[in-house]
Amino acid sequence: MKRARIAAPDFNLDLTLNSGQVFHWDRKGNGYAGVIGDKPLFVEQQGDALLAPAGSENLVSRYFALDHPLPEIYRTFPGDPAMTSALEYCRGMRIIRQPVWECLATFITSSMKQVAHIRQMSQAIRRGFGAFPAYPTPGRLARAGEEQLRACMLGYRAKNLLATARLVASGAVDLVAIGKLDDDEAHARLRRLPGVGPKVANCVLLFGYGRLKAFPIDVWIGRVLRENYFKRKRNVTEKRLRLFSAAYFGEFGGYAQQYLFHRARMEGR
DNA sequence: TCCCAGGTGTCGC
DNA sequence: GCGACACATGGG
């Protein structure tokens with residue numbers, strides 16, 4: 001297959017694909033095999049270029065967000081030690097533009113699960129509903145039974161994913177319309193879906209809708225914030241963390257969050 | 001074995 | 001509004 005060479009400055013494919021944003025890319029040789037929407041493909045980084053199948057240039061550039069102005073984004077990061085070392089560690093990582101449904105569904109399954117296990121569930125769901133390697137549509141999941149989802153190792157999450165799939169498939173919830181709302185409204189609308197709380201809603205805003213200010217707070221980020229920005233303070237509430245992060249990290253807080261998250265996870269703290 | 005994981009829903013105050 | 005607790009499952 002003929003490959004295209006896409007200019008990709010300020011980009012690190014390994015970091016981008018291994019930072020817990022997406023869970024369905026597999027290392028193969030010097031690159032990665034995966035799927036963008038329903039298109040399977042192989043991508044490989046060579047220096048400042050990204051190699052991808054000829055004809056997929058626009059799809060690939062958009063998915064990997066090669067248009068995000070990283071130097072400008074970095075200039076908005078606070079200069080504290082935690083952020084500085086996270087930037088040093090993660091330079092070139094980009095916030096992927098994921099298909100919204102796939103992102104929403106995957107993060108509904110992510111609660112109280114390690115990244116390795118989220119990958120297994122994603123794989124099982126992709127294999128189990130006839131669209132492999134693409135993620136099954138809301139309609140396809142809505143027609144399935146809870147037992148079929150439980151067979152994908154979802155546990156109690158099966159019920160939530162099924163209920164959300166039915167709401168989206170029926171048109172009761174319009175994911176495209178939500179994309180036209182401002183951040184707060186979109187967040188509130190997402191929150192109405194079963195299995196979607198503040199953290200998952202922010203993941204969908206950030207990774208699905210490209211709202212780069214959205215700041216998901218999970219156990220890792222909670223730990224990072226408490227250890228670095230609330231030293232010696234006890235009883236720091238979730239609300240306190242939310243208000244602080246929104247004010248402190250600014251317009252590209254989602255990027256800051258992802259860098260802090262990945263660095264903390266790799267350092268094992 | 002025991003502990004934890006990119007949390008959410010529910011309940012009681 | 002906030003804190004406590006249940007919820008499934010696999011990996012370390």
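Residue numbers start from 1 in every chain, and the chains themselves are labelled A, B, ... in the order their sequence lines are given, proteins ahead of strands.
Annotation: cation-pi geometry not satisfied between A:Arg97 and A:Tyr63 (NZ/CZ under 6.0 angstrom from ring centroid, within 45° of ring axis).
Between the P atom of B:dG9 and the NZ atom of A:Lys199 lies a distance of 13 Å, rounded to the nearest Å. Taking atom CZ on A:Arg242 and atom C1' on C:dG1, their separation rounds to 11 Å, with Å as the unit. Computed from coordinates, the A:Met121 CE to C:dA8 P distance equals 14 Å when rounded to whole Å. Per the geometry, CH2 belonging to A:Trp220 stands 9 Å off C1' belonging to B:dA5, to the nearest Å. Taking atom CZ of A:Arg119 as the reference point, atom C1' of B:dA5 lies 16 Å away to the nearest angstrom. Between the CD1 atom of A:Ile108 and the C1' atom of B:dG7 there is a distance of 12 Å, given to the nearest Å.
Spacing between C:dA6 and B:dG6 at atom P, rounded to whole Å, works out to 22 Å. When the P atom is used for both B:dG9 and C:dG10, the distance is 23 Å, rounded to whole Å. When the P atom is compared between C:dC5 and B:dC3, the two are found 16 Å apart, to the nearest whole Å.
Under the 30°/60° scheme for interplanar angles, the aromatic rings of A:Phe244 and A:Phe230 are found to stand perpendicular.
Take the nearest nucleotide of DNA chain B for A:Arg191 and for A:Phe207: the residue whose nucleotide is more 5' is A:Phe207.
Checked by atom type, the side-chain pair A:His68/A:Tyr255 shows a donor-acceptor distance below 3.5 Å.
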Would you list the protein and nucleotides 9-12 of chain C atom pairs, both N or O, that sit under 3.5 Å from each other?
from   : atom 1 : to       : atom 2 : distance (Å)
C:dT9  : O2     : A:Lys113 : NZ     : 2.4
C:dG11 : OP1    : A:Gln120 : NE2    : 3.4

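Counting heavy atoms from C-beta on, the side chains of A:Ser61 and A:Asp67 never come closer than 4.5 Å.
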Determine whether A:Asp14 and A:Tyr32 satisfy the following criterion, side chain to side chain donor-acceptor pair (under 3.5 Å), listing intermediate values before the conclusion.
CA-CA 9 Å; A:Asp14 294 313; A:Tyr32 292 85; 2.5 Å; yes
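More than 12 heavy-atom neighbours from other residues, nucleotides or ligands sit within 6.0 angstrom of CZ on A:Arg27.
Residue-to-nucleotide contacts include no donor-acceptor pair under 3.5 Å from the side chain of A:Glu238 to the base of C:dG3. In the interface, the side chain of A:Tyr156 is not paired with the base of B:dG9 through any donor and acceptor atom under 3.5 Å apart.
A:Ile118 pairs with exactly one of A:Lys113, A:His24, A:Gln123 by the side-chain contact (heavy atoms from CB on, under 4.5 Å) rule, that one being A:Lys113.
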